[in-house]
Amino acid sequence: MGNNLFANYGEAVAILLFVIGFGNLLLQSNLIKKIIGLNIMDTAVYLFLAEKGYISGRVAPIVTDGVQSVETYINPVPSGLVLTGIVVSVSVSALMLSLTIRLYQRYHTLDLDEISLRLNKEGL
Amino acid sequence: MAGQMEFVQNFPCFSIMLCMFAGIISSALKGKAAKWINTAVLCANILMSAAVLLFAVDKGGYYVYVMGQFPAPWGNELRVGVLEAGMALFFCVIMLLSLMGGRHKLIQEVKEGKHGLYYILTDLMLSSLLALIYTNDLFTAYVFVEINTISACGLIMIRQNGRTIEAAVRYMIMSLLGSGLFLMGLCMLYDLTGHLLMSNIEGKVREIYLAGTGSSYHIPLLITIAVISVGLAIKSALFPFHAWLPDAYGYSTVSSAAILSSLVSKGYIFLLFKIIYRVIGFEVFHDSKIVNILFIFSLMGMIFGSLSAIKENDVRRMIAFSSIAQIGYIYMGIGMGTQAGMVAAVFHVLSHAATKSLLFIAAIGLTDVSGGSRKLTELTGSGYRNKIAGVAFMVGSLSMVGVPLFSGFISKLLFSQAAVQNEGKMLPTLIVLGISTILNAIYFMKTVIRIYTPVGETEYFGVTWRENKGYAAALVCFMALNVMLGVFSQPIVDLIGVGLDSFSA
C-alpha cells in the first residue's frame with residue numbers, strides 16, 4: 001500500500017488537488033474563490049491524466065526517424081483528452097466569470113450567501 | 001443487425017448535426033427566423049426519431065454507427081436501439097410542446113433582442129440531449145454533458161433579474177461539481193480499462209470484477225463507480241444535492257422551467273442508465289452496493305421533497321419541490337437493483353417528463369389570470385377564469401398523485417410490482433411510496449381545490465382558449481400524451497423491457 005502510494009505520488013497529489021478544488025467550489029462563499037476552486041479541480045484532473053499518460057523516456061508518437069516500435073512512444077489519447085478538457089473548462093470559467101460580473105454589478109458584493117439573503121428580503 | 005446499411009440508420013447522426021447547425025445558423029439571424037428554424041428542426045427531429053424507432057422495433061436489437069473511419073477500439077460511435085430512439089422521439093415532442101406552451105411568456109418576459117439567443121440555446125440543448133442519448137463514447141458524453149450544462153444555464157438566466165442570475169450561478173456550481181466528479185471518474189475508468197468506448201470498457205470491467213477482492217484494481221473500480229454515480233446524481237438533483245433546483249425552476253421563464261425539469265435532468269439520468277448497463281454492467285453495479293446508497297437517498301428525497309412542497313406558498317416553487325420527490329422515485333427504481341425496478345424507473349422518466357412540463361405550463365396560465373401573483377392564496381377560483389389551464393393543472397395533479405387513467409398511476413404500479421419482487425427492499429419501498437403518495441395528494445389536491453373554489457367578486461379577468469391558441473393546443477397535447485401513457489402503457493412497458501435487454505446484450 002505504502003509502496004504503491006510512493007510510486008504513484010503524482011496521482012496522489014492530483015487527487016489531493018482535486019479534493020481541495022472540489023471543497024473550495026462547494027464551500028467558499030466568495031464567487032471568485034469558487035471559480036479558483038473550479039480551476040484547481042479541473043487542472044487536477046489534467047495532472048492526473050498527464051501522470052497516467054506519460055511514461056518517462058518515451059516520446060509523443062510522431063514518427064520522424066522511422067522507428068515504429070511500441071516501446072518508443074506514449075499513448076497520445078490522454079493528451080487529447082487533456083486538450084478537450086481544457087477547452088471545456090475555459091468556456092465554463094468564462095461563463096462563471098461573466099455571471100459573477102452580472103451579480104457584482106447588481107449587488108456590489110461577491111458573497112453568494114449575502115446575495116441570497118438580500119434576494120429573500122427584497123424579492124426580485 | 002448486420003448487412004447493408006439502410007438510409008434510416010443515418011438519422012441519429014443527422015439529427016444531432018441538424019440541431020447544431022441550426023444553432024450556428026440562427027446566431028446570424030433575427031429572432032423570428034430563429035424561431036421558425038427551431039420549430040422546423042424540432043419537427044424534422046420528431047419525424048427522423050420516429051423513423052429510427054420504427055426501424056429499431058422492426059429489426060430488434062441495436063446497431064452501431066461508426067463516426068469517421070476508425071473501427072471499434074479507437075473511433076467514435078453512436079449506438080442505436082429501441083430505447084434510445086424512443087427516448088429521442090419523446091424528448092423532441094416534449095421540447096416542442098414546452099416551447100409552444102411558453103411562447104407568450106417568453107415574449108413578455110425576455111427582452112426582444114434576446115429571443116434569437118433563446119432559440120440558439122434550445123437548439124444546442126437538443127443537440128446535446130440527443131448526443132447523450134445516442135453516443136457510445138464516454139468522453140463524448142462528458143463533452144455534451146458540459147454543453148448541456150452551459151445551455152441550461154443560459155435558459156435559466158435569459159430572463160434577466162437578480163433571482164435568475166443567482167439561480168443560474170447556483171445551478172452552475174452544483175453542475176460543475178457533478179461534472180468534475182464525472183470527469184474524474186471517467187479518467188480513472190480509462191486508466192483501469194484502457195478504453196473510452198462503452199462496450200469495450202464493459203468487458204474489461206467484468207474481468208477486473210471477476211478477479212475478485214484480491215485484485216489490486218478492485219477497490220479503485222468501486223471508487224470509480226461511486227464517483228461516476230454520485231457525479232450524475234448531483235447533476236440530476238437527487239436529494240441532498242437539490243439546493244439549486246427550486247430557484248432555477250421557480251423563477252426562470254416557463255418554457256425553461258418545463259425543459260429543465262422534464263428534459264435536462266432526465267438526460268443525465270438516461271446517461272446513468274447507459275453507464276449502469278453498458279459501461280459497468282448491471283451485475284457489477286448491483287454487487288457494488290452503490291445501489292443501496294442511491295436507494296437511501298432516493299427514499300429521503302421522496303419524503304423531504306414532498307414536505308418542502310407542502311410548506312411552499314409559491315405555486316411554481318411548489319411544483320419545483322415536487323420534482324425533487326419525483327427524481328427520488330426514479331432513483332428508487334435504480335436503487336432496487338432489479339430489472340423490474342429499472343423498467344419502472346425508465347417509465348417514470350417518461351411519465352414525470354410529460355406531467356411536470358404540463359404542470360409548469362398550466363400553472364403559468366393560472367397565475368396570469370390572478371394578476372401575475374404566484375401565491376397560492378391569490379389563485380383562488382383561477383380554474384374558472386382560465387378553464388383550459390385549470391383542467392390541465394387538475395390532470396397533471398391527478399397524474400402526479402397516481403390516479404388511474406393517467407401516467408403517474410402506471411409508474412406507481414410498476415414501482416410497487418418491482419418492490420414486491422425484491423424481498424430485501426420491499427417494506428421500505430412500499431412504506432415510503434405510500435407516505436409519498438399521501439403527501440403528494442395533500443399539496444396537489446390542496447391546490448386543485450383552491451383553484452376551483454368559487455369567488456364572488458374579483459378584480460381579475462378571465463381568458464378563453466381562443467385568445468391564445470398555441471398555449472391551449474400545447475396543453476391539450478400534453479394531456480393527451482399523459483392519458484396515452486396511462487392507458488396504452490403495456491406496449492410502452494414492453495418496449496422499455498426490449499430496449500433494456502438490448503442495452504445489456
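Here the structure is a predicted model, which means the values were calculated and not measured.
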- Query: What part of A/Leu38 is in contact with chain B, defined as an atom under 4.5 angstrom from a non-hydrogen atom: side chain, backbone, both or neither?
  - Reply: side chain
- Query: For the residue pair A/Ser91 and B/Ile150, what are the closest heavy atoms and their distance?
  - Reply: OG-CD1, 4.3 Å
- Item | chain B contact via A/Leu49 - side chain, backbone, both or neither, heavy atoms under 4.5 Å | side chain
- Message: Need one label for B/Leu196: side chain, backbone, both or neither, based on atoms under 4.5 Å from any heavy atom in chain A.
- Response: side chain
- Message: For the interface with chain A, which of B/Arg170, B/Met188, B/Met172 has the highest count of heavy-atom pairs at distances below 4.5 Å?
- Response: B/Arg170
- Message: Measuring only between side-chain heavy atoms, which start at C-beta, is B/Leu181 closer than 4.5 Å to A/Phe18?
- Response: yes
- Task: Please determine, among B/Ile173, B/Thr149, B/Asp247, the option with the most heavy-atom pairs under 4.5 Å with chain A.
- Result: B/Ile173
- Heavy-atom pair count under 4.5 Å with chain B, highest-scoring of A/Ile115, A/Leu81, A/Asp42: A/Leu81
- Item | Closest non-hydrogen atom pair, A/Leu112 against B/Glu166 | CD1-CG, 4.2 Å
- Item | Exercise: identify the closest heavy-atom pair between A/Leu99 and B/Ala168 | CD2-CB, 4.3 Å
- Task: Please state whether the side chain, the backbone, both or neither of A/Leu95 comes within less than 4.5 Å of a heavy atom of chain B.
- Result: side chain
- Message: I'd like to know whether CD1 of B/Ile219 has more than 12 heavy-atom contacts from other residues, nucleotides or ligands below 6.0 angstrom.
- Response: no
- Interface check, chain B: of A/Thr100, A/Val87, A/Ile35, A/Val45, most non-hydrogen pairs under 4.5 Å belong to A/Val45
- Message: I'd like to know whether CG of A/Leu27 has more than 12 heavy-atom contacts from other residues, nucleotides or ligands below 6.0 angstrom.
- Response: yes
- Query: Heavy atoms, side chains only, cut-off 4.5 Å: are A/Lys52 and B/Tyr190 in contact?
  - Reply: no
- Task: Flag the pair B/Met184 / A/Ile15 as yes when at least one side-chain heavy-atom distance between them is below 4.5 Å, and no otherwise.
- Result: yes
- Message: Under 4.5 Å from any heavy atom of chain B, what part of A/Phe22 do you find: side chain, backbone, both or neither?
- Response: both
- Task: Could you tell me whether the side chain of B/Trp74 reaches within less than 4.5 Å of the side chain of A/Val77, counting heavy atoms only?
- Result: no
- Passes side-chain contact (heavy atoms from CB on, under 4.5 Å), B/Arg163 versus A/Asn120? Steps please. CA-CA 9 Å; B/Arg163 280 272 188 204; A/Asn120 287 338; 3.5 Å; yes
- Check each atom of A/Ser116 against the heavy atoms of chain B and say whether the ones under 4.5 Å are side chain, backbone, both or neither. both
- Task: Side chain from CB out, backbone as N, CA, C, O: work out which of these in B/Met157 comes under 4.5 Å of a heavy atom of chain A, or both, or neither.
- Result: side chain
- Task: Assess whether atom OH of A/Tyr54 is packed by more than 12 heavy atoms of other residues, nucleotides or ligands within 6.0 Å.
- Result: yes
- Message: For A/Leu31, which atoms come within 4.5 Å of any heavy atom of chain B: side chain, backbone, both, or neither?
- Response: side chain
- Note on the structure: Ranked by heavy-atom pairs below 4.5 Å to chain B, first place among A/Glu11, A/Met96, A/Arg102, A/Met41 goes to A/Arg102
